[in-house]
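In what follows, a structure is listed as structure tokens, so that the remarks can point back to it.
This is a predicted model, so every value here is computed, not measured. In what follows, chains are A, B, ... by sequence order, proteins preceding strands, each numbered from 1.
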Amino acid sequence: MDKLVIYNTLTRKKELFKPIHPGAVGMYVCGPTVYGEAHLGHARPAITFDMLFRYLKHIGYKVRYVRNITDVGHLVDDADEGEDKIERRAKVEQLEPMEVVQIYTNSYRGNMARLNNLPPSIEPTASGHIIEQVEAVKKILEAGYGYESNGSVYFDVERFSKDHHYGKLSGRKVEDLYSNTRELDGQSEKRSSMDFALWKKATPEHIMRWPSPWSDGYPGWHMECTAMSTKYLGERFDIHGGGMDLLFPHHEAEIAQSVACTGHESVNYWMHNNLITINGQKMGKSLGNFITLNELFGGKHDLLEKAYSPMTIRFFILQAHYRSPLDFSNEALQAAEKGMERLMKAIEVLGNLPVSAESTVDVAALKQKCYEAMNDDLNSPILIAHLFDGVKMINSINDGKEKISAEDLTALQQLYHEFAFDILGLQSEEQAAAGGGEETMTHVVDLLLNLRIEAKKNKDWATADKIRNELSALGFEIKDTKDGFSWELKK
RNA sequence: GGUCGGUUGGCCGAGUGGCUAGGCAGCGGUCUGCAAAACCGCGUACGGCGGUUCGAAUCCGCCACCGACCUCCA
């Protein structure tokens, strides 16, 4: 519990993790904007921080994990300033904006569940916290770091940077920002191009709007995280996570807002996962090169050679370190699929290994290495490598080449249960697909395969092959084993 | 242009100043009526050029290439 080291973007160093309140951790992660289906890129922070959530709990912390749902406030692009993403989508589909929000929130949650991500402790929505956001804007105005302009309120970066360090998280210099910020439409309201909106006045056709002291409008792009993290985790909390693409300006703005509101920073450890690329380029909505999770699960996309199960996706993501870029390819996904299958088979074998009086294998050392990997900034690829070393160990024991004591076997079983299932959040495909009245079919298939064994005993190869071939044609994969058979249904 | 990060064997992807990462594919073997699967074994890579060092893929410098952010984005 006292050895976890995590990489802090703020200091660009690995630091020993020490919570503010002993034994308890507050963690906030930027969630999705629910105006479209979740794609592969969304899976990465969700899985990364799910692993962190699971590990923190495993090593004994009480954790409050907050992940927001952004359902208001983001602009589509500078061409249609004033119209937010939710609303634009709503017009296209002729739905109420909140109906769109509901559809994609449900879809996101469903996808996350299939990836075996635990639900966060709290999933607050931006639209449900307008009052908190308005209050935060008021505080920033009182502190003198904001100004009203034509019904909108902006954060005064120049004023702020006189008292505080704006750009400390992303390593940017205010002088550079002056020259590098692109000219946007409607910037005349702002004193400086680098100022960002805290509250935006709604145009007449803008449906999503709320009253405020300044105008009927909606909160600025970075306010929700500041308001909601403070509400549920306090003015100071331990971990704030999100994708690297949010580092600037989103998280930089959050820091500025927090400091402006409370006089101090709120986050001790900033963690950022790297992005998933496709052909070396970031996968993103704006680039249009994304593959949705539903497309992956169903194999319905031009770039997909086949369907990939949620667990394959999870394993694929965990096989890379969260701070490294990860490139999508069919080959890599298929490698992950096979690898995970091998791991899961070994865990099955682990369930009934022969026991000996003495062990010739070192389970304690393996366990030690597994903890070291996780404690070193959640190094899941190294953890998985150790688990594969253990696979070799398990198979050798099964082959009689190594021996294990009853005590060690229990420890080894516990180790796999904890690291593979509890911490990495993996599941066997059977577990994942569990449910759904397939019991009868199982019995029928077993019956046929038992008949096949009879036929084989009688050297009636014609019947034996017929049963296997016809089952294969129906999508069953039949394998002969030493003492019988095994089968699975390939979709 | 500015800031940050990366370049590892056929592919994915770790790590380290000298000692086997791991997975997938491939090759060889075991098993098997055939097949498939499974299991075992094998492969010696770190962008280029200099420098530091007894020794560098690992540290330093320069160069090349790639990417992210600088505008909503996981």
Give me the atom names and distance for the closest heavy-atom approach of A:M283 to A:G41. SD-N, 4.1 Å
A:L350 to A:L412 - nearest heavy-atom pair and separation: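 Looking at all heavy atoms of both residues, the closest pair is CD1-CD2, 3.6 Å.
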Is any side-chain heavy atom of [X] closer than 4.5 Å to a side-chain heavy atom of [Y]?
X	Y	answer
A:V66	A:V29	no
A:E295	A:E37	no
A:M311	A:F316	no

For nucleotides 10-19 of chain B, just jot down a letter per nucleotide in 5' to 3' order: B, S or -, based on protein non-hydrogen atoms under 4.0 Å. -SSSSS----
How many whole angstroms separate atom [atom1] of [X] from atom [atom2] of [N]?
X	N	atom1	atom2	value
A:K285	B:A68	NZ	C1'	19 Å
A:N279	B:C65	CG	P	21 Å
A:L387	B:A21	CG	P	19 Å
A:F290	B:C73	CZ	C1'	11 Å
A:Q281	B:G67	CD	P	7 Å
A:N469	B:C34	CG	P	16 Å

Nearest-angstrom distance, [atom1] atom, [N] to [M]:
N	M	atom1	result
B:G5	B:C39	C1'	41 Å
B:G13	B:G18	C1'	24 Å
B:U8	B:A56	C1'	14 Å
B:C46	B:C59	P	16 Å
B:A45	B:U20	C1'	13 Å
B:G15	B:G23	C1'	15 Å
B:A14	B:G50	P	30 Å
B:C49	B:C42	P	32 Å

For a quick check, tell me whether the side chain of A:R468 and the base of B:A35 share a donor-acceptor pair closer than 3.5 Å.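 Flag set: donor-acceptor pair detected.
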Would you check if the distance from the ring center of A:F160 to the ring center of A:F155 is below 6.0 Å? yes
Identify whether any heavy atom of [X] sits under 4.0 Å from a base atom; if not, whether one sits that close to sugar-phosphate; answer base, sugar-phosphate or nothing.
X	value
A:K401	sugar-phosphate
A:T48	nothing
A:L247	nothing
A:M340	nothing
A:G41	base

Output all residues satisfying side-chain hydrogen bond (donor to acceptor under 3.5 Å, both in side chains) with A:H164, sequence neighbours left out; order by chain, then residue number. A:Y145
Go through the structure and list residues passing side-chain hydrogen bond (donor to acceptor under 3.5 Å, both in side chains) with A:D238, not counting sequence neighbours.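 Listed in chain order: nothing, the list is empty.
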Between A:D389 and A:K392, does any NZ, NE, NH1 or NH2 come within less than 4.0 Å of an OD or OE carboxylate oxygen? no
Report the residues that fulfil ring-ring contact (aromatic ring centres under 6.0 Å, His included) with A:F290, sequence neighbours left out, ordered by chain and then residue number. A:H39
Students often mix this up, so state it plainly: with edges at 30° and 60°, are the rings of A:W270 and A:H251 parallel, tilted or perpendicular?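 Because their plane-to-plane angle lies in the 30° to 60° range, the rings of A:W270 and A:H251 count as tilted.
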Whether A:F388 stacks on the six-membered ring of B:G23 base, 5.5 Å and 30° limits: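 Not stacked by the 5.5 Å and 30° rule.
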For A:I478 and for A:L40, locate the closest nucleotide of RNA chain B by heavy-atom distance; then report the residue assigned to the nucleotide nearer the 5' terminus. A:I478
If you assign each of A:G242 and A:Y7 to its closest nucleotide in RNA chain B, which residue comes earlier from the 5' end?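 Final value for this comparison: A:Y7.
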[X], nearest nucleotide to its side chain (from [options]):
X	options	value
A:D245	B:C70, B:G33, B:A74	B:A74
A:K282	B:A38, B:C34, B:A74	B:A74
A:K345	B:A37, B:C70, B:G33	B:A37

Any side-chain N or O of [X] less than 4.0 Å from the OP1 or OP2 oxygen of [N]?
X	N	value
A:N274	B:A68	no
A:N395	B:C39	yes
A:R12	B:U3	no
A:R342	B:C39	yes

Base-paired stems that RNA chain B participates in, counting runs of 3 or more Watson-Crick or G-U pairs under 3.5 Å: B:1-7 with B:64-70, B:10-12 with B:22-24, B:26-30 with B:38-42, B:47-51 with B:59-63
Using distance only, find each side-chain donor-acceptor pair of residues 370-384 of chain A under 3.5 Å and give its atom names and separation, not counting sequence neighbours.
from: A:Y371; atom 1: OH; to: A:H58; atom 2: NE2; distance (Å): 2.7
from: A:E372; atom 1: OE2; to: A:Q368; atom 2: NE2; distance (Å): 3.0
from: A:N375; atom 1: OD1; to: A:Y55; atom 2: OH; distance (Å): 2.8
from: A:N375; atom 1: ND2; to: A:Y371; atom 2: O; distance (Å): 3.3
from: A:D376; atom 1: OD1; to: A:K14; atom 2: NZ; distance (Å): 2.8
from: A:D377; atom 1: OD1; to: A:Y7; atom 2: N; distance (Å): 3.0
from: A:D377; atom 1: OD1; to: A:Y322; atom 2: OH; distance (Å): 2.6
from: A:D377; atom 1: OD2; to: A:H321; atom 2: NE2; distance (Å): 3.4
from: A:D377; atom 1: OD2; to: A:Y322; atom 2: OH; distance (Å): 3.4
from: A:D377; atom 1: OD2; to: A:R323; atom 2: NE; distance (Å): 2.8
from: A:D377; atom 1: OD2; to: A:R323; atom 2: NH2; distance (Å): 2.7
from: A:N379; atom 1: OD1; to: A:I382; atom 2: N; distance (Å): 3.3
from: A:S380; atom 1: OG; to: A:L318; atom 2: O; distance (Å): 2.7

